[in-house]
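Predicted, not measured: the structure shown is a model, and the values here were computed from it. The basis for the numbers below is simple: all heavy atoms, side chains too, and nothing from hydrogens, waters or symmetry mates. Chain identifiers are assigned alphabetically (A, B, ...) following the order of the sequence lines, protein sequences preceding nucleic acid strands; residue numbering begins at 1 within each chain.
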Amino acid sequence: MADGYAGKYLRVDLTKEKFTILPTPEEWKRKYLGGVGMGAKIMWDEVPPEVKPLSPQNRIIFATGPVNGTLFPPSGRYEVISRSPLTGWWAHASAGGFFGPEMKYAGYDLIIIQGKAKKPVYLHIDNDLIELKSARHLWGKNVIETTDRIMEDLKDPDVKVAAIGQAGENLVRYSCIMSDYFRAAGRTGLGAVLGSKNLKAIAIRGTKGIKIANKEKFNKLLEDAFRRHSPEGRYWEYIESFRKYGTFSLTDWENAIGRLPTKNHWTGYFENAEETIGMEPMRKRHYKRHASCFGCGIQCKYSSVVKEGKYAGTESEGPEYETVEGFTSNFLSTDTSALIRANYLCNIYGMDTISVSHSISWAYESYEHGLLTKEDTDGRELIWGEDGMDDVIELLEEIPFRKTKFASLLAEGSREAARRTGKGSEAYAIHVNGLEASGQDGRPHKSLGLTYAINVRGADHLTSLSSLDELGYKEEIKRRYKKETVNILADRWDEKLKGYLVADMEELYALCDSALLCKYGVMWPPIYYHQDFGKIISAITGFTEYEDPKNLSKLAKRICHLRRCFNVRLGWSKKNDALHPRFTEEPMPTGPAKGQVVHLEPMLREYYQVRKYDWKTGYPTKKELEEVGLEDVAKELKKRKKLVPVYRGKKAFQIRK
Amino acid sequence: MKILNIDAEKCSGCRLCELACAFTKEKRIIPILGRVNVFQNYAWGLSVPVVCTQCEEAPCIKVCPTEALYRDPETNVVKVKEEKCIGCKLCVSACPYGAVVFIPEKKTVIKCDLCDGDPVCVKFCPTGALKYEEPVKATLSKRREQAEKIWEVL
């Protein structure tokens, strides 16, 4: 029996109103670790391609991992895994806060939800007590009202609540799951999956504990981890900045390299951003209070308030960097009060700030080019800049309720909105495989172009972004990679070797999302690397085999392959490993990266070499799948003619030392 | 003599102190076994660590029928002799703020003993909300911070 786990998992069948509690299988722990790894295993086994994302047969899995809820920082996250109603592909999203550790303290590694309740319900778990309670009085309420009311109903102010807002109820395709009021499992529209199942919330309370396999080793690793999060560590400067400003210190750093998406990703440079929407003005104008997720050594959380003007009194946790970009530079606006208001509305209605801001900016750019007119926009003139923000705020009040035809169109996400509108408006729907591009751009940061293109959940940064070339962590590159590769890897405009780098990051983040740490420990700043995961997994679970880099790499590859195979079974192929033409054909018009475009092919070739995908079809290879222990997966893909027997391409170059 | 000085305004609510305490004292990761617990109001973003403040006139010592609770004469810390504790829970009732907890599986009460002068919660606190310092110094540093705020306005 492995330590570090809660030991059991809960399956809730909402149709049958049935609960099943079973021991978490040892095979799941050892082969898939937890989080997205276990999620991938369950999705592959239980959700065949004919199951539509919003059908009762789809699963939605709340998953923790072995590191979750332990003292090892930052271990407060949980993952939610499903099939996305926004993209149609694999979906995962994670949130910080306190909900994940509480799941483990209540005794559950996973909560698997299936079926559909006849009437709105919420799930209440208090250690061994599990019950479905009516949510009729909660339906139609926002996230804050819902959370408050559940605490009142249960007479428990310490219960941890994950809930959907009205956006999830009304199946807005990018609605999210909000826990502890303000922490979002944001991307890929998982709120709509809960909405489709009539499940308004999960309220959980636990007082059990977690056993550590090797306490002595764990203690040593703890000391080292906390030293790395202290002024003695290499990245204190970044940690201090996140602690003081929150993640929006990234706004300044990104603009400096011409990678701050501006005007619907038209460019990557927003003039004077540092003085208008940067970290100093944001802190001065809106900073209210410092906060933290569970067990964190970085502590980037804080709350913001609008002190004057028409939105005075608006207060909410955040905004995060992505939201700052989405509701300021994305609309050419410097109105930070409107930004705080927008962030607040997205939080209470439960919408992904990235997808909603970029779906609205699709409409703004389409309007600019005459593809949408006042007739389509309920009489609105959609104009860029501060003066256009009133309409953005209004739309954020309408989209969650699908109040008008236009709001309902935007609620479908930019890809579908553009498809229905036609007339070439697809050119302004900046998404990859259905997911709106987040606050990055591949033109000034080439490896990011590949990150978007090969990402199993579409255009987002959290599955394989390399911060090493992005922010010039050259010393870290020297520590990790071969001497002759250092200068090329550190050059963010050079496509060479970036395919190998992105594959390495994808594997690292697969471990991070399965052991379950926050991405801020491996990305901004890059505190942990593969061997750190090997050691901590071994100390907590007793799986000592993962201290061997070969086994660890196999585990990471297994998770990456399985997620991709889930997509391949759904119809994913080479043509999906592509980018929006804005990044490949429109040279960056302004800023420090002026003139740059992404040349995807060389990076994609390298990436395919590592994964041993067939260059023509993008399908995986039998031998590779078998090597990482996915024999059954290979068999099924073979039946479906989506497997290549032998890899005939070049051998991948090893960049790692 | 030093005291555990709590500056609630600095507490970010990360709960590292709870876990560090539980792991050090009980070798397990169970937040409720922490002698310190952080209470949060997520909606307001407020957090406060609650822990024994080592009362000078300690009600827990007064009500203990077996002298399991006693004051260490050297450090002034109120401690539990577990082997003497009969699990009557009178101290739990007497403590005005819940700092003494009865643990059913141990059949004894637990409370903060300041780790014999080197409190682990302080070591793990990333924000300085928990400090171990001389009481007068603690008060003065708080006053200084107040003064700094006034300077900002001036």
Side-chain angles (χ1 to χ4, degrees), chain A residues 3-4 68-76 97-98 101-102 104-105 143-144 147-148 151 157-158 160-161 179-183 206-212 215 218-219 222-223 226 229-230 239 243 288-305 315-317 540, chain B residues 7-50 98 101-106 110 115 118-130 145 149 152-153:
Chain A
D3 290 320
N68 244 168
T70 68
L71 195 45
F72 195 77
S75 69
F98 301 83
E102 200 75 11
K104 270 179 94 174
Y105 298 146
V143 170
I144 293 180
T147 309
D148 282 345
M151 286 179 176
D158 290 320
K160 311 292 182 279
V161 179
S179 40
D180 305 310
Y181 292 94
F182 303 117
R183 310 293 159 87
T207 50
K208 299 180 191 177
I210 302 161
K211 226 175 124 191
I212 304 293
K215 293 188 188 95
F218 181 69
N219 231 342
L222 269 187
E223 264 174 39
F226 279 94
H229 284 85
S230 78
I239 292 173
R243 216 175 266 182
K288 172 95 191 259
R289 190 176 285 119
H290 179 227
S292 169
C293 289
F294 181 96
C296 185
I298 298 177
Q299 309 211 340
C300 66
K301 290 285 159 283
Y302 65 97
S303 58
S304 299
V305 65
E315 187 181 334
S316 187
E317 218 173 77
I540 291 178
Chain B
D7 188 345
E9 220 184 313
K10 289 209 180 94
C11 179
S12 65
C14 70
R15 298 173 59 187
L16 281 168
C17 52
E18 291 182 22
L19 291 185
C21 178
F23 187 64
T24 308
K25 294 291 184 193
E26 305 291 333
K27 303 286 168 247
R28 284 155 78 192
I29 304 282
I30 305 183
I32 55 156
L33 287 184
R35 276 62 169 157
V36 54
N37 281 125
V38 177
F39 291 87
Q40 289 157 305
N41 184 312
Y42 302 108
W44 300 342
L46 295 174
S47 308
V48 181
V50 179
V101 189
F102 178 73
I103 302 295
E105 52 184 276
K106 290 184 70 150
I110 58 170
C115 298
D118 190 15
V120 69
C121 54
V122 172
K123 273 194 247 169
F124 275 80
C125 180
T127 63
L130 289 170
E145 274 172 37
K149 276 182 202 157
E152 264 176 47
V153 184

TODO: Look at atom CD of E9(B) and say whether more than 12 heavy atoms of other residues, nucleotides or ligands are closer to it than 6.0 Å.
DONE: no
Task: Heavy-atom side-chain contact between C14(B) and Q299(A) under 4.5 Å - done: yes
Task: Atom pair CD/CZ of E18(B) and F294(A) - distance to nearest 0.5 Å - done: 7.0 Å
Open item on the list: Quick check for you: to the nearest 0.5 Å, what is the distance between F124(B) atom CZ and L71(A) atom CG?
Closed with: 4.5 Å
Task: Top contributor to chain B interface from P157(A), G76(A), G295(A) [non-hydrogen pairs under 4.5 Å] - done: G295(A)
Task: Per-residue contact mode, K211(A) against chain B (heavy atom under 4.5 angstrom) - done: neither
Open item on the list: When you compare the side chain of I32(B) with that of Y105(A), does any pair of heavy atoms fall below 4.5 Å?
Closed with: no
Task: Selection from H290(A), K215(A), E315(A) maximising heavy-atom pairs under 4.5 Å formed with chain B - done: K215(A)
Task: Minimum side-chain heavy-atom gap S12(B)-R243(A) below 4.5 Å - done: no
Task: E102(A) portion near chain B, given a 4.5 angstrom heavy-atom threshold - done: side chain
- [ ] Could you have a look at M151(A), K160(A), K104(A), K288(A) and say which one has the most heavy-atom pairs with chain B under 4.5 angstrom?
- [x] K160(A)
TODO: Determine the option with the most heavy-atom pairs under 4.5 angstrom with chain A, choosing from T24(B), I29(B), I30(B).
DONE: I29(B)
Task: Separation between OH of Y181(A) and CG of N41(B), rounded to the nearest 0.5 Å - done: 6.5 Å
Task: Residue pair T70(A) / F23(B), side-chain heavy-atom distance below 4.5 Å - done: no
Open item on the list: Between F98(A) and R15(B), is there a side-chain heavy-atom distance shorter than 4.5 Å?
Closed with: yes
- [ ] Select, from G297(A), S303(A), P101(A), C296(A), the one with the greatest count of heavy-atom pairs under 4.5 Å involving chain B.
- [x] C296(A)
- [ ] Measure the spacing between CZ of R28(B) and NZ of K208(A) and express it to the nearest 0.5 Å.
- [x] 12.0 Å
TODO: Examine whether an atom of Y302(A) lies under 4.5 Å from a heavy atom of chain B, and if so say whether it belongs to the side chain, the backbone or both; otherwise answer neither.
DONE: neither
